[in-house]
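Below is one structure, written out as structure tokens, with a few remarks after it.
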Amino acid sequence: MPWKGEKDPYKIWLSEIILQQTRVEQGRSYYENFIQNYPTISQLAKAKDEKVFKLWEGLGYYNRCKNLLFTARYIAKELNGVFPGNYEDILTLKGVGPYTAAAIASFAFNLPHAVVDGNVFRVLSRVFAIDTAIDSTAGKSEFSILADEVLDRKEPGIYNQAIMDFGATVCKPFAPLCNHCPLQKICKAYLEGKVNYLPVKEKVLQKKNRWFYYFLFQHDGKILIHQRLMKDIWENLFEFYLAESNEHLHWNEASVKEWLYEQLGIEKAEIVHISPQFAQQLTHQNVKGQFIKVILPAIPTTLEHHEWLSLQQIRQLAFPKFINQYLETGALQASLF
DNA sequence: AATCCGGGGCG
DNA sequence: CGCCCAGGATT
């Protein structure tokens, strides 16, 4: 990893935020782009929200990006640009929880705080054959205490890196390399034949189905754009005019015109195109939908206080992948539609 | 304590 | 298709 052996708390913090629930190979290029654009925390603090979100586009969990900016500005202004140097103060930073605080404290300042991430849960649950659910409050507490007990207090940074590397490459979720494992003789799960049953999780997550029908309203060379600011998926990202449904709707020119009239009072509209179905799987919901291009000769009163942007302005904005899938088909050319 | 937040990779 | 990923915030 490019940040291995790194001692700059800014770079460690940035990489750890990027790597929350994110594979190293997925986050690497994002990390490099951020460091190239913002080599120091004060430069990140001065950045415009829109540019930072554009850099984060596609990485997911967009509140990480919001908190990243907030914390950069907090450190730049309130702490004179000096990154906090102890676990308790690091933990107070927005977007920084127990894992990230321990990672920064141990990697940057060699302080004795044990990281407990998905790798550590897995390694400890197997080596000690603990079947307490890792997603329960009791489990989090039990594994944190155990992780602290087995931490190497002389080299906490190296130890933390090592146990996570070990979990990622040897003690893997599926098909772990028990045959070559140096802990074979002391691993309780291996000795008891329980490796494939650990760690234990108790919660099963439910998936919802949602149908997103996006109207690309064009008027006078501009398109209606909306920023998602509600507590929902894709917070702070941009989108077109959204009609959401909890069921599959079948659109044709007549049903679109009827919908436009009944919902928005639009009488004159040219239905240019109705896209095929698009879909995206999220961790906790399935999003399906279509995109409908509409040219409006006049802006209806119901759409007056929305933002209308040119293609050039739209290209600067960060969109969810669901929309980018559609845009990548070449749906928005220079001549619009 | 329960629920929510993305997107990618892998078997 | 289900699970997991160098987790955290909110309610």
Side-chain angles (χ1 to χ4, degrees), chain A residues 1-4 6 12-31 53 56-68 70-71 90-107 113-123 125 133-141 143-144 147 157 159-169 171-176 196 198-208 210 228 230-237 279-287 318-325:
Chain A
M1 296 192 286
W3 46 82
K4 208 151 203 169
E6 181 62 58
I12 293 169
W13 164 68
L14 174 63
S15 69
E16 292 301 340
I17 300 298
I18 288 175
L19 290 177
Q20 286 167 3
Q21 293 293 286
T22 303
R23 291 170 192 274
V24 172
E25 286 316 313
Q26 188 189 352
R28 182 191 303 277
S29 65
Y30 284 87
Y31 171 77
F53 271 92
W56 195 275
E57 183 182 41
L59 196 52
Y61 285 147
Y62 296 93
N63 269 326
R64 289 186 293 172
C65 183
K66 181 182 173 185
N67 291 332
L68 185 82
F70 179 93
T71 295
I90 296 170
L91 188 57
T92 66
L93 301 175
K94 271 194 183 174
V96 173
Y99 163 77
T100 305
I104 298 172
S106 64
F107 298 158
H113 296 275
V115 293
V116 185
D117 74 333
N119 293 302
V120 176
F121 275 119
R122 189 169 56 253
V123 171
S125 71
I134 62 172
D135 54 351
S136 66
T137 304
K140 282 170 190 160
S141 166
F143 283 99
S144 296
Y159 170 87
N160 279 336
Q161 297 259 7
I163 190 171
M164 290 192 286
D165 277 346
F166 178 71
T169 59
C171 198
K172 300 184 290 181
F174 296 99
N196 294 330
L198 294 170
V200 171
K201 277 198 175 185
E202 65 182 8
K203 296 182 179 65
V204 189
L205 96 153
Q206 289 276 63
K207 276 207 175 187
K208 275 190 297 187
R210 302 172 73 175
R228 295 179 64 85
M230 58 288 232
K231 287 240 169 288
D232 194 4
I233 58 172
W234 306 328
E235 194 174 342
N236 293 301
L237 299 198
Q280 186 189 357
Q281 315 247 3
L282 284 71
T283 300
H284 31 274
Q285 42 194 297
N286 298 313
V287 178
F319 289 95
K321 181 180 168 85
F322 182 77
I323 292 177
N324 276 330
Q325 280 184 113

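Computed from a predicted model, the values in this text were never measured in an experiment. Numbered from 1 within each chain, the chains take letters A, B, ... in sequence-line order.
Within the nucleic acid shown, A:E25 has no heavy atom closer than 4.0 Å to any nucleic acid atom. Within the nucleic acid shown, A:S136 has no heavy atom closer than 4.0 Å to any nucleic acid atom. Residue A:G58 is classed as a sugar-phosphate contact, given heavy-atom separations below 4.0 Å to backbone atoms only. The residue A:V96 sits close only to the backbone: its heavy atoms come under 4.0 Å of sugar-phosphate atoms, none of a base.
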CA sep, side-chain torsions, deciding dist, call: A:F107, A:E6, side-chain contact (heavy atoms from CB on, under 4.5 Å): CA-CA 8 Å; A:F107 298 158; A:E6 181 62 58; over 6 Å; no
Intermediate values then yes/no, side-chain contact (heavy atoms from CB on, under 4.5 Å), A:I233 and A:Y62: CA-CA 9 Å; A:I233 58 172; A:Y62 296 93; over 6 Å; no
side-chain hydrogen bond (donor to acceptor under 3.5 Å, both in side chains) assessment of A:Q20 paired with A:Y99: CA-CA 9 Å; A:Q20 286 167 3; A:Y99 163 77; over 6 Å; no
Verdict with supporting geometry, A:V287 and A:W234, side-chain contact (heavy atoms from CB on, under 4.5 Å): CA-CA 12 Å; A:V287 178; A:W234 306 328; 4.2 Å; yes
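Between the side chain of A:T22 and the base of B:dG6, a donor-acceptor pair under 3.5 Å is found. Between the side chain of A:Y61 and the base of B:dG6 there is at least one donor-acceptor pair of N/O atoms closer than 3.5 Å.
Using bins of under 30°, 30° to 60° and over 60° for the plane-to-plane angle, the ring pair A:F143/A:F121 lands in the perpendicular bin.
In this entry the distance linking CD of A:Q26 with P of B:dG7 reads 10 Å, nearest Å. A straight line from CZ of A:F322 to P of B:dG8 spans 14 Å, rounded to a whole angstrom. Remark: C1' of C:dT10 and CG of A:N63 are 10 Å apart, rounded to the nearest angstrom. Look at CG on A:N119: it is 8 Å from C1' on C:dC5, rounded to the nearest Å. Rounding to whole angstrom units, OH of residue A:Y62 and P of C:dT10 are separated by 19 Å. To the nearest angstrom, C1' of B:dG7 lies 12 Å from CH2 of A:W56. In this structure, A:E57 places its CD atom 13 Å from C1' of B:dG6, rounding to the nearest Å. If you take CG of A:L19 and P of C:dG8, they are 12 Å apart, rounded to a whole angstrom.
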What's touching nucleotides 1-4 of chain C from the protein side, N or O pairs under 3.5 Å?
from  : atom 1 : to    : atom 2 : distance (Å)
C:dC4 : O2     : A:R23 : NH2    : 2.8

Below 3.5 Å is the cut-off: list the nitrogen or oxygen pairs between protein and nucleotides 2-4 of chain B, distance only.
none

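Side chain of A:N67 to backbone of A:L93: no donor-acceptor contact under 3.5 angstrom is found. Between the side chain of A:D135 and the backbone N or O of A:E202 there is at least one donor-acceptor pair closer than 3.5 Å. Judged by distance alone, with hydrogens and angles left aside, the side-chain atoms of A:N63 form no donor-acceptor pair with the main-chain N or O of A:K66 at under 3.5 Å. Judged by distance alone, with hydrogens and angles left aside, the side-chain atoms of A:Q280 form a donor-acceptor pair with the main-chain N or O of A:F322 at under 3.5 Å.
Counted within 6.0 Å of CD on A:Q206, heavy atoms from surrounding residues, nucleotides or ligands total 12 or fewer; the atom is thus considered open.
Close to C:dG7, at under 4.0 Å from its OP1 or OP2, lies a side-chain N or O of A:Q21.
Atom name P, nucleotides C:dT11 and B:dG6: the rounded distance is 15 Å, in whole Å. Across the P atoms, C:dA9 and B:dG8 are found 24 Å apart, a figure rounded to whole Å.
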